[in-house]
Amino acid sequence: MVKIKIDGVEYEVDEKKNLIDATKEVGVEIPYFCYHPALSIVGMCRMCLIEIEGVPRLQAACNTPVKEGMGIITKSDRVKEARAGTMEFLLANHPLDCPVCDKAGECRLQDNAFGSGSGHSRFEFEKRNIPQEEIGTNLIINHNRCIVCYRCVRFEEEKVGESNLGLFERGNHSIIGLAKSEPINHNYQGALADICPVGALLNNKTLFKSRVWWYKSHKSVCHGCSTGCNVTTNVRDNKMYRYMVRENYDEGMFFLCDKGRFDIDWMNENRLFSYMENGKNSTSQVVVSKIIDRLKEAKSIAVLGGAHESNETLATLKQNLNSLSQALGGKSIQWETRVTDAQNKETEQVDFLLTKDNHPNTKGAIDLGLTTPSGITGIVSAVKQGSVDLVILIKESIPDGIDPNKVICFDTNLTDAAKNASLAAPIQIFCETEGSFTNKNGLKQNFEKSMNPIQGLLTSAGVVELILNTMTKKMEASVGNR
């Protein structure tokens, strides 16, 4: 930590951080466009100009390191004039289409124009008009909005490892465009739209779906893989509309892949809301009663899956299953959460964020001891041999070699497993409650409740508790009748 003066007031800031980030921590905002904490510094937009005591010219804050005793001025008339000039230059060709732009409400151009702009334009000529283009499988570019901050080009080259975009032409004719004949097809088209500060890059999948101020937002964790990227959920009318990046400076989390970002339709569609028997809708009373009968008849029980559940749900579920085992006279219940090859190996990356393990809480389940020495292959063999004759499946597919008639499925959606299992019970998705996931590095991260479950819908732990309570009541009634 070092001491610096900002507008005459002394602050203690982190010398390892960029001047923009260091001042932001103490409540002083320096406007910018091209700077990003995870990308190289280019100083292209000239929006972050400041005065430094003892230096005659204005300097860009983004490429100025923090030093002990330095004094900076962020609100002088000279600085304000420079920023107003920059804004006037950037807005010369920018269309006034905020009412129809999906970035409105989250646009840095709007914020900086309001905070640092002059409020009027002296540009009297016709604004340039370049047709909008589809440059990716899920990405469009509006050249007229682009301010050539170069964020998108840097992100692709430095993080994705591809060079699909480039800067073409000069001066007033400069545009960001495709450097190749093929459209962009990588896993980070959503991230390109995210880091664009002005709405020049937008995703087709979310275009014109909703205004941002209609959303209810909550802090959450991406469910797509074991990386555990921090996200902000955007919910409207109790439906999940968007995942947006929630920047975490301490853990270096600034981006989100498309697989996690856009894998949200299952939260709103094809949900399992009724108990099922042999693929047909039934009632909780009938299905729970039959589950109890199956549990009593079984010689040995195996539980598979659970790495999509929160740490808190898993802990409660483990406790409830132990109680269930005791109520069944000490019957063996073994639990294996590692149902895929990726869960049994060291973390394997698909790209710089996405891992091959598509479970958000494999590490949390392992830390809770929800594994077996023989693994999933051992349980499948035991089922085939008949030593395990009942399998409880928690939000997973039925493994090859296991007879669906021996399966009781707990699922959030009307999947093939729920349809084919002998009995099925509906459960909440993780964002219908609060909890935490443990990511591949052992980092435990909390998420908030984003959506409200329908009345009566339980977690997987709640379903087991319902089974346990129903079975206990039946046993008490049976004893009382004698």
Side chain to side chain donor-acceptor pair (under 3.5 Å) with [X]: which residues, sequence neighbours excluded?
{"X": "Glu133", "answer": "His143"}
{"X": "Asp351", "answer": "Asn187, Tyr188"}
{"X": "Thr206", "answer": "none"}

Any carboxylate oxygen within less than 4.0 angstrom of a Lys/Arg side-chain nitrogen, looking at [X] and [Y]?
{"X": "Asp341", "Y": "Lys345", "result": "no"}
{"X": "Asp194", "Y": "Arg261", "result": "yes"}
{"X": "Glu15", "Y": "Lys67", "result": "no"}
{"X": "Glu156", "Y": "Lys180", "result": "no"}

| query | Are the side chain of Arg151 and the backbone N or O of Tyr35 linked by a donor-acceptor pair below 3.5 Å? | reply | yes
| message | Go through it in stages, so that I can follow the logic: the residues are Leu109 and Lys103, the test is side-chain contact (heavy atoms from CB on, under 4.5 Å), and I'd like the CA-CA distance, side-chain angles, deciding distance and then a yes or no. | response | CA-CA 10 Å; Leu109 190 71; Lys103 199 75 172 182; over 6 Å; no
Return the set of residues passing salt bridge (charged side-chain N to carboxylate O under 4.0 Å, His left out) with [X] (not counting sequence neighbours), or none when no residue passes.
{"X": "Glu434", "answer": "none"}
{"X": "Arg154", "answer": "none"}
{"X": "Arg46", "answer": "none"}
{"X": "Glu465", "answer": "none"}

Pairwise side-chain hydrogen bond (donor to acceptor under 3.5 Å, both in side chains) hits with a residue in [range], at least two apart:
{"range": "residues 447-462", "result": "Thr233-Ser450, Glu309-Ser460"}
{"range": "residues 416-428", "result": "Arg294-Ser422"}
{"range": "residues 318-332", "result": "none"}
{"range": "residues 212-222", "result": "Ser217-Asn234"}

| query | With distance as the sole criterion, is a donor-acceptor pair present between the side chains of Ser226 and Asn439 under 3.5 Å? | reply |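 The criterion, which ignores hydrogens and geometry beyond distance, is not satisfied for Asn439 and Ser226.
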| said: Ignoring hydrogens and geometry beyond distance, is a side-chain donor-acceptor pair present between Gln445 and Ser436 at under 3.5 Å? | reply: no
| query | Of the options Val391, Val383, Leu393, which is the one that meets Pro399 in a side chain to side chain contact (heavy atoms under 4.5 Å, CB included)? | reply |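 For Pro399, the side chain to side chain contact (heavy atoms under 4.5 Å, CB included) check succeeds only for Leu393.
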| said: Here's a test for you: under side chain to side chain contact (heavy atoms under 4.5 Å, CB included), which of Leu457, Val463, Leu272 qualifies with Ile427? | reply: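 Result for side chain to side chain contact (heavy atoms under 4.5 Å, CB included) with Ile427: Val463.
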| Quick one: CG on Asp111 to CD on Glu29, what's the gap to the nearest 0.5 Å? |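 Reported to 0.5 Å precision, the distance equals 9.5 Å.
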| said: Within this structure, what is the CG-CD distance for the pair Asn361 and Glu312, rounded to the nearest 0.5 Å? | reply: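 Nearest 0.5 Å value for the CG-CD distance: 8.5 Å.
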| message | Going by ring-ring contact (aromatic ring centres under 6.0 Å, His included), His223 matches just one of Tyr243, Phe437, Phe447. Which one? | response |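 Among Tyr243, Phe437, Phe447, the one meeting ring-ring contact (aromatic ring centres under 6.0 Å, His included) with His223 is Tyr243.
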| query | Got more than 12 heavy atoms from elsewhere within 6.0 Å of NZ, Lys17? | reply | yes
| said: My understanding is that only residues two or more places apart in sequence, or in another chain, count here; which of them pass side-chain contact (heavy atoms from CB on, under 4.5 Å) with Ala307? | reply: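 Partners of Ala307 under the side-chain contact (heavy atoms from CB on, under 4.5 Å) test: Gln343, His359, Thr362.
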| said: Determine whether Arg236 and Ser210 satisfy the following criterion, side-chain contact (heavy atoms from CB on, under 4.5 Å), listing intermediate values before the conclusion. | reply: CA-CA 9 Å; Arg236 178 185 169 194; Ser210 177; 3.1 Å; yes
| message | If you take the centroid of each ring, where Trp contributes its six-membered ring, are Phe430 and His308 closer together than 6.0 Å? | response |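 No, the ring centres sit 6.0 Å or more apart.
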| message | Applying side-chain contact (heavy atoms from CB on, under 4.5 Å) to Ile392 and Val407, what does each step give before you reach the verdict? | response | CA-CA 6 Å; Ile392 298 175; Val407 175; over 6 Å; no
